[in-house]
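Taking it in order: structure first as structure tokens, then the write-up.
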Amino acid sequence: MHITLNLSSGAFAGEIKDISGANVFDCYQCGKCAAGCTVGGYIDDTPTKVIRFIQLNQRDKALDSRTPFLCAACNTCSERCPMEIDVAKIMESVRILALKEKRKPERDVAVFSELFLGSVKTTGRLFELGLTAGFNLMSGQPVKDAELGARLFRKGKIAIKPAMSGNKNVKQIFDKSEAVSGSSSKEEKAEH
Amino acid sequence: MARIGVFVCHCGENIGRTVDCSVVAKESAKLRDVVYSVDYKYMCSDPGQIMVKDAIKKHNLTGVVIASCSPLMHEKTFRRAVQETELSPFLCEMANIREQCSWVHEDKVLATKKAVDLVRLMVEKVKRNTPLEPIRIPVTKRALVIGGGIAGIQAALDIADGNQEVVMVEKSPSIGGHMAQLSETFPTLDCSQCILTPKMVSANSHKNIKLYTYTEVESVTGYIGNFDVTLRKKARYVDDSICSGCGICQEKCPQKKISSEFNTGLGKRPAIYIPFPQAVPNIPVIDKERCTYFKNGKCKACEKFCDRNAIKFDQTDEFINIKVGAIVVATGYEMYNIGKNNKNGIKGYGEYGCGEDPDIIDSLQFERLLSASGPTFGEVKRPSDGKVPETVVFLQCVGSRDKAKGMEYCSKICCMYTAKHTMLYKHKVHHGQAFVFYLDIRAGGKNYDEFVRRAIEEDGAIYLRGRVSKIYREGDKLIVKGADTLSGSQVEIAADLVVLATAITAQPDIVPLAQKLGVGYDKYHFLSEAHPKLKPVETNSAGIFLAGACQAPKDIPESVAQASAAAAKVLGLCSATELEREPYVAKVYESTCAGCGFCIEACPYKAIDNKAIVNRQGKLIKNVAYINQGLCQGCGTCLSVCRSKSIDLAGFTDEQIFSEINSLFV
Amino acid sequence: MNYGYFPGCSLHATAKEFNDSTKLVCDKLDLELKEIDKWICCGATPAHTTNQELGIALPFANLQLAADQGFDTVVAPCAACFNRLRSADFEVKHSGYTAERVGYITGSRTDINVRILHIIQLFRDEYGYSRLKEVFSKPLKGLKVANYYGCLLLRPSLVMKLDDPENPVIMDELTNLTGAESVPWAFKTECCGASLAIPETEIVLDLSKKIIDSAKNAGADVIAVACPLCHANLDMRQKQIGKKFGADYSTPVLYITQLLGLALGIDPSKLGLDSHLVDPYPVLRAKNIL
Ligand SMILES: Cc1cc2nc3c(=O)[nH]c(=O)nc-3n(C[C@H](O)[C@H](O)[C@H](O)COP(=O)(O)OP(=O)(O)OC[C@H]3O[C@@H](n4cnc5c(N)ncnc54)[C@H](O)[C@@H]3O)c2cc1C
Ligand code: SF4
Ligand code: SF4
Ligand code: SF4
Ligand code: SF4
């Protein structure tokens with residue numbers, strides 16, 4: 001791996017700070033976040049390393065990392081960081097930026113989020129069956145969890161009809177949020 | 001008629017860059033009563049000082065204004081030069097045209113104008129200066145050393161060897177401090193007790209040292225050279241003049257299961273106990289809270305078996321008054337506890353189990369496990385089941401460098417002692433493996449880095465760069481979930497024993513003592529030195545010095561060095577029969593003083609008292625305020641509360657200050 | 001006093017037994033829960049990890065609804081909803097900038113004051129342990145319970161303010177009140193992977209396996225949870241875990257409200273004990289609880 005450093009080295013850190021409020025230069029790379037990370041066994045870059053990329057202005061390396069997408073948002077890292085850095089929020093910020101720029105290092109997670117939000121947007125509430133089925137179709141594994149689904153169905157745990165009683169306002173909330181932040185799950189959808 | 005000389009310094013470029021010094025000199029010459037003025041590149045240099053002295057003689061000057069840096073820097077220099085000409089040094093004033101002018105302004109014209117104004121003020125002041133006499137105060141040639149750890153012992157021995165008396169006060173039953181608990185010491189691995197106990201013994205037997213153990217400082221009054229101290233000698237319930245230290249009482253005491261402080265809870269002691277075999281003095285003390293007799297009125301086994309009748313259940317605390325000229329504070333440190341109940345917003349480590357697992361211990365406990373005099377006689381056995389641990393994980397920086405827990409500082413010594421621990425462990429358990437989680441290895445000291453390298457290269461300790469997120473028990477093992485940031489991985493180790501290098505913290509009860517002494521402390525309650533570089537052993541209270549870890553985390557060599565430095569300061573102080581002080585103290589005009597006493601209340605140094613004025617028949621005329629010149633620090637608080645304007649400050653009289661201000665309006 | 005009830009999407013679907021047991025228990029304790037009319041999804045993890053504003057506006061809109069409907073307290077049984085509601089409230093209260101944007105997005109005022117409680121807090125802080133102890137009529141003697149808190153309920157502790165983030169006790173205290181025995185174990189607060197369940201099933205299987213193993217090693221008969229996501233991962237995935245790791249996995253996972261319901265003598269089938277994929281009846285019968 002090769003890194004070239006130049007004058008504008010704080011720029012990406014500034015972007016992250018704008019979204020998360022966290023100053024990555026508080027991080028002294030102790031690794032405690034990496035040590036306790038729930039998904040530590042499944043990621044290439046530890047959260048510590050993602051933060052290091054931000055400190056060193058390695059925008060591409062951070063935004064193309066799978067870590068922020070596999071992050072379970074469990075907050076273990078933020079809770080234990082000795083420098084009181086909200087690491088989970090930093091992961092969230094990187095992910096928001098990556099989505100905004102249509103980078104998808106971890107496609108399945110991104111697809112899932114889109115479908116989830118799509119479901120909420122149309123009905124105001126989540127329609128679980130629609131979500132699972134949609135996800136399996138879009139991720140190219142139509143029979144994944146099918147057996148599980150059948151068992152749940154028998155237990156009466158799967159509603160076949162989406163719930164419709166949610167507040168009508170919800171579409172407005174989505175649209176305005178998108179407008180305000182510029183990030184858009186709608187654009188994402190158009191691609192598929 | 002006043003004849004004032006003005007000397008304007010360029011301070012190289014420091015002043016010259018923003019202030020036109022030749023203009024300042026020329027303008028000064030025009031001021032009333034100024035008979036001579038000049039500017040020069042470095043006024044503080046030898047030629048500069050000679051210029052001042054020559055001018056005083058040649059122009060018959062009655063006052064001198066040096067326009068240069070802050071008086072904090074060079075007032076002494078110039079006043080000494082002035083004194084050599086037989087002019088009183090108090091007739092020399094400095095106009096600060098550097099810190100208060102050239103360094104804070106950019107516009108040269110305006111800055112030059114301001115410099116002239118500053119000179120004008122000082123000219124007006126110096127015209128009204130009087131040749132004051134320095135105050136002389138007598139010195140009590142005896143020192144008090146508070147704390148009997150290695151720092152206190154070293155300071156006491158050095159002072160005593162310098163032929164001055166020392167009173168040494170230790171709050172616990174024995175002197176020795178933490179060093180007595182250590183096994184072997186870095187970087188040479190010599191046995192701690194072997195090098196410490198001879199010093200403990202000499203401290204106790206030195207003809208110039210009076211040792212009080214189990215004693216604390218009750219109150220302190222007075223000032224440099226003249227402190228009045230009251231000590232509280234806590235009741236030991238054992239007469240130390242009779243007890244021979246045979247120890248039969250310890251054997252007979254039925255209370256055997258009290259957790260031993262000296263063995264950091266890993267061993268037990270009775271209610272009447274000598275903390276450790278080499279304790280000095282070798283005299284037991286009864287722990288009143290745990291003693292059966294004190295709890296329910298029955299027992300007295302110790303008394304029955306003591307054939308010298310040394311047990312005295314009716315002993316009470318004793319108060320001892322002493323006079324000393326100087327004080328050395330050497331109260332040391334305490335280990336941070338990872339449990340939940342810490343004070344001052346300092347948090348525990350829930351993620352490491354808050355100290356509830358017996359096999360997660362701190363490094364001082366590990367020292368006791370390594371020590372031949374320890375609860376396991378030097379065999380490394382883990383507390384839970386006595387098993388010899390085969391995998392030991394050491395965690396550095398626990399509590400230290402951890403903002404979230406409330407301590408942002410580095411404890412400085414733990415990198416070194418952890419390396420030592422891995423070595424000593426390997427020397428004792430040959431097949432064992434030590435792992436160390438570290439953040440940085442701080443080993444700046446003579447032979448220190450080499451020492452750490454040896455632990456890694458020769459004794460096989462595996463160093464992992466990263467913190468640990470969580471430790472939890474799984475059956476017989478402790479699972480340590482850490483990180484190695486160098487390889488970018490999560491690391492999991494199943495350990496038999498975990499040793500935490502917990503932070504070095506200030507003594508939990510230091511604040512009341514610091515307040516009694518008038519010594520400052522930082523937000524972590526470490527005592528503050530007067531200047532971080534130039535006055536590292538002095539405090540802001542004259543005559544009170546610091547030694548050892550009470551000031552900041554320190555290892556033994558540093559503690560000893562600072563203790564010897566403090567001793568040198570004490571000996572320097574004691575070498576004079578009288579002390580000279582600047583005479584900037586408040587004085588009372590008794591004729592107008594109404595004796596209202598407001599100033600007595602206001603004085604932060606308790607320097608003001610009531611004085612009765614009596615006529616020749618001894619009849620009281622009135623009460624007035626009386627200022628003790630030894631205590632007065634010249635802060636001026638009393639002036640501001642005096643309603644009849646009966647107090648003035650020598651060297652800063654109202655007349656001087658007002659004329660300075662007035663000069664700005666002409 | 002009546003409480004604004006925010007069931008959240010899961011409790012109307014996969015976690016309907018959490019909904020049923022919560023309502024039955026509260027009924028029995030005379031704690032009146034009134035469902036907030038027209039509540040919407042809190043957005044869960046996907047919302048705040050996709051668009052910050054959305055992640056705050058969705059939950060906050062529910063607090064606005066609650067305030068409009070006259071509730072001063074909102075109770076949420078789902079740990080994820082609870083987490084999002086608290087976080088949104090925290091962000092809005094702590095940042096004028098956020099408040100302004102959320103006000104614009106939701107088109108409603110943001111200076112509202114609604115308390116947000118998790119259902120177990122309602123039992124601890126509102127009803128009180130001493131009263132609870134009185135009303136339990138069927139002690140769950142002999143049942144060993146591993147209480148699983150997971151992540152969303154406790155963290156970030158500064159915002160959740162529910163219990164100690166490293167060693168929480170609230171569920172254990174409730175369990176012990178029922179006469180059951182809560183076992184100490186190490187994985188109480190580990191994360192099960194929650195929102196990764198569908199896109200990254202393999203990860204969740206591994207994580208859930210470790211949690212179940214730890215509970216079993218600690219001697220637990222059942223695991224108690226207070227979150228539908230935890231339940232989904234631990235209960236529904238056990239067959240898959242068994243298959244992946246070639247072992248039998250059948251540790252029942254109950255909602256804490258179901259345990260409380262049993263101790264209150266409520267009919268187990270009404271509490272939804274039939275709807276778990278790992279059948280809890282054998283264990284409960286063996287312990288003479290049913
Ligand atoms: C685990 C561990 C291992 C270490 N290993 C080494 C090593 O190998 N080499 C090395 O150089 N250093 C080592 N150190 C550091 C060493 O312990 C300290 O440098 C040294 O003890 C400091 O001495 P001190 O006298 O300043 O403080 P202390 O040893 O703490 O002594 C202070 C004394 O003052 C007394 N006291 C406190 N308050 C009062 C009061 N109010 N009134 C009266 N008396 C009071 C205390 O009872 C105590 O006796 C180690 C430290 C630890 C924790
Ligand atoms: S825990 Fe905090 S300080 Fe340590 S590496 Fe992670 S973000 Fe940096
Ligand atoms: S919040 Fe994300 S990065 Fe942090 S510990 Fe959990 S999974 Fe890892
Ligand atoms: S009287 Fe107290 S100290 Fe003496 S033997 Fe009895 S318990 Fe021990
Ligand atoms: S000395 Fe070493 S172990 Fe101790 S706090 Fe400093 S860096 Fe950490």
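For C/P165, the part lying under 4.5 angstrom from a heavy atom of chain A is the side chain only. Residue C/E200 touches chain A through its side chain alone, counting heavy-atom pairs closer than 4.5 Å. With a 4.5 angstrom heavy-atom cutoff, C/S10 touches chain A via backbone and side-chain atoms both. Both the backbone and the side chain of C/I105 come within contact range of chain A, with heavy atoms under 4.5 Å apart. Only the backbone of C/D274 comes within less than 4.5 Å of a heavy atom of chain A; no side-chain atom from C-beta onward does. With a threshold of 4.5 angstrom between heavy atoms, C/L277 approaches chain A through its backbone and through its side chain. Looking at C/Q64, there are no atoms closer than 4.5 Å to chain A (heavy atoms on both sides), in backbone or side chain. Proximity to chain A (any heavy atom under 4.5 Å) is restricted, for C/T45, to the side chain, taken from C-beta onward.
Between A/V39 and C/L196 the shortest side-chain heavy-atom distance falls below 4.5 Å. Using a 4.5 Å heavy-atom threshold, the side chains of A/L70 and C/I203 count as touching. In this structure, the side chains of C/C151 and A/N75 stay at 4.5 Å or more apart for every pair of heavy atoms. Residues C/L58 and A/F174 form a side-chain contact, since some pair of their non-hydrogen atoms from C-beta on lies under 4.5 Å apart. At least one side-chain heavy atom of A/F116 sits under 4.5 Å from a side-chain heavy atom of C/C41. The shortest side-chain heavy-atom distance between A/Y42 and C/E202 does not fall under the 4.5 Å cut-off. Residues C/Q52 and A/I19 meet the side-chain proximity criterion, which asks for heavy atoms closer than 4.5 Å.
Counting heavy-atom neighbours within 6.0 Å of C/K34 NZ, excluding the residue itself, gives a total of 12 or less. Enclosure of atom CD in C/Q69 by more than 12 non-hydrogen atoms of other residues, nucleotides or ligands within 6.0 angstrom is indicated.
Between the side chain of C/R155 and the backbone N or O of A/E79 there is no donor-acceptor pair closer than 3.5 Å. Side-chain N or O atoms of A/R125 include none that pairs as donor or acceptor with a backbone N or O of C/H12 at under 3.5 Å. Side chain of A/R95 to backbone of C/T50: no donor-acceptor contact under 3.5 angstrom is found.
Here the CG atom belonging to C/N51 is positioned 11.5 Å from the OG atom belonging to A/S113, to the nearest 0.5 angstrom. Expressed to the nearest 0.5 Å, how far CG of C/L158 lies from OG of A/S78 amounts to 11.0 Å. The NE2 atom of C/H48 sits 9.0 Å away from atom CD1 of A/I96, with the distance rounded to the nearest 0.5 Å. Here A/K121 contributes atom NZ and C/I40 contributes atom CD1; the two are 13.0 Å apart, rounded to the nearest 0.5 Å.
For the options C/C192, C/P156, C/G150, C/A57, heavy-atom pairs under 4.5 Å to chain A are most numerous at C/P156.
For the residue pair A/L117 and C/G43, the shortest heavy atom distance occurs at CD2-O, 4.4 Å.
With respect to C/E53 and A/K176, no salt bridge is recorded, no charged nitrogen being found less than 4.0 Å from a carboxylate O.
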